[in-house]
There are 2 protein chains.
Amino acid sequence: MTSSTIDRILDAAEVEFAAHGFVETSLRTITSKAKVNLAAVNYHFGSKKGLIQAVTDRFLGPLTKNLQTQLSAYEMALTETQGDEQELQVLLGILARSCQQVAQQNHHSLAVFARLINTAYSQSQGHLRKHLTKQYGASFMYFMKLLRRHMPPMTHEQFFWRFHYLLGILVFSISSSEALLAICEREYASSRSLDQIMADIVPVMASAAQASIIGDS
Amino acid sequence: MTSSTIDRILDAAEVEFAAHGFVETSLRTITSKAKVNLAAVNYHFGSKKGLIQAVTDRFLGPLTKNLQTQLSAYEMALTETQGDEQELQVLLGILARSCQQVAQQNHHSLAVFARLINTAYSQSQGHLRKHLTKQYGASFMYFMKLLRRHMPPMTHEQFFWRFHYLLGILVFSISSSEALLAICEREYASSRSLDQIMADIVPVMASAAQASIIGDS
DNA sequence: TATTGTTTAAAACGAACGTTTAAAACTACC
DNA sequence: GGTAGTTTTAAACGTTCGTTTTAAACAATA
């Protein structure tokens, strides 16, 4: 209760970052929406960069934890070995649902998270990407290892790229979801939800993961 | 020759936009790299927004033209009807090669183009996306129509989303290519090129396009 | 050559940004 | 109740940005 200031800043920052990006969102609009003094951001987070990192950590921390437990449960449960297609869908479904669960439990915006990953990777010089890989890279290695079991044989390098192709489906769609959902509603009079999108994406990712390698590297 | 100023600005802007994004790139660095006076941007392009639009039009104009001719040739050549998988690869290969050709012929950066599309869609309120769809949307409808012929039966809405899933593979990978290529070189001592990435992506996109619909909308 | 229209040049403007500062307000503990 | 530590407040700082302005340089025409 003492420092609801911090939470209010994080909540407002998340919303604004999701709507307008990191650079185009000023600390003044964040602190204004949070009903908090401007200096509070620098006092509690050190800098704007620190705030951005805090917003990401507030999502990625629970996400990696959630993902880890669900993947452990997946490995424990010795199910009948199905086809690779099904296994891939199960694994990617775990990832998708993990994102959704963490987002819902902590009242986070999935879009801002996707946007964050997107901008983190787009900036070749981005310090954020390095922070993310340093901090959470290991946690995702486990997932990637499980995933690779059911994918066509390929080199580490090829898998690296393939994984990012799959990531692109997720990240681009979710980070563009606001615009796409609006278009969809106007064009097709549809009221589709992000949850449906997440469910739709899983088999598409699984299919993309299974595409066989052509030529050699 | 009289206005090489315009071209020098466009060239420099493209490079800087690709490297640091649109918001983080100042007109001062652009005009400095272009060896042009600061005021030249506002004189020739009206505003920074006008410059961004000019950079995109310089790519999308030739691209749509190139794509149109190649697709017409594709439709004219009455080849033996192959499987959907092959046809999809042909069509998506045309798109990929069209992007590469236009980029190479006009000395454009594929990365900045992908980044542009990425940010255009990420900003739900973005005027750039509306400009792009208004200006070039019709040209891409034709491509989408051809593509859909060889995809599983689905509603217009489902196809809309599926198409953007495929787009995500392309856009995310290319706009992150700078960072990913650097990681790849450091981690796997590989000197992969963007051209190879583009070729790799095609069958993955084709596979994603073919994933069958589950459940109903 | 004089004139007109176009392009470049240098300088400044006003606004918005992240950050810092210094005092005030608040909290908790002795 | 006074005191030490923490948080909040209001104001200002210095920078950088996109844009504008005014004049100079240039180009083309008659």
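Numbers restart at 1 for each chain; the letters A, B, ... are given by sequence-line order, proteins then strands. Heavy atoms only: backbone and side chains are in, while hydrogens, waters and symmetry mates are out.
- Within the structure, every pair that satisfies the side chain to side chain donor-acceptor pair (under 3.5 Å) test and touches residues 161-175 of chain A, not counting sequence neighbours, is listed here: Asn118(A)-Ser175(A).
- Side chains of Ser32(B) and Arg28(B): no donor on one and acceptor on the other come within 3.5 Å.
- With sequence neighbours excluded, the residues that form a ring-ring contact (aromatic ring centres under 6.0 Å, His included) with Tyr188(B) are Phe160(A).
- Here dT19(C) presents its C1' atom at 16 Å from CZ of Phe45(A), a figure rounded to the nearest Å.
- Identified under the salt bridge (Lys or Arg N to Asp or Glu O under 4.0 Å) test for residues 34-62 of chain B, with sequence neighbours left out: Asp11(B)-Arg58(B), Glu14(B)-Arg58(B).
- Shown for residues 9-18 of chain B: no residue has heavy atoms falling under 4.0 angstrom of DNA chain C.
- Between dT6(C) and His44(B), no contact under 4.0 Å exists linking OP1 or OP2 to a side-chain N or O.
- The salt bridge (Lys or Arg N to Asp or Glu O under 4.0 Å) analysis of residues 196-209 of chain B, with sequence neighbours excluded, yields the pairs Arg192(B)-Asp200(B).
- By the side-chain hydrogen bond (donor to acceptor under 3.5 Å, both in side chains) test, Ser109(A) is found to be paired with no residue, residues two or more places apart in sequence or in another chain being considered.
- For residues 46-68 of chain B, the pairs satisfying ring-ring contact (aromatic ring centres under 6.0 Å, His included) are Phe59(B)-His108(B), Phe59(B)-Phe113(B), with sequence neighbours left out.
- Computed from coordinates, the Asn37(A) CG to dA23(C) C1' distance equals 13 Å when rounded to whole Å.
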### Message
Treating primed atoms plus P, OP1 and OP2 as sugar-phosphate and everything else as base, which nucleotides of nucleotides 16-21 of chain D get B, S or - for protein heavy atoms under 4.0 Å?
### Response
-BBBBB

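- In this structure, Thr5(B) reaches the dT8(C) phosphate: one of its side-chain N or O atoms is under 4.0 Å from OP1 or OP2.
- For Arg149(A), the salt bridge (Lys or Arg N to Asp or Glu O under 4.0 Å) test picks out Glu75(A), with sequence neighbours left out.
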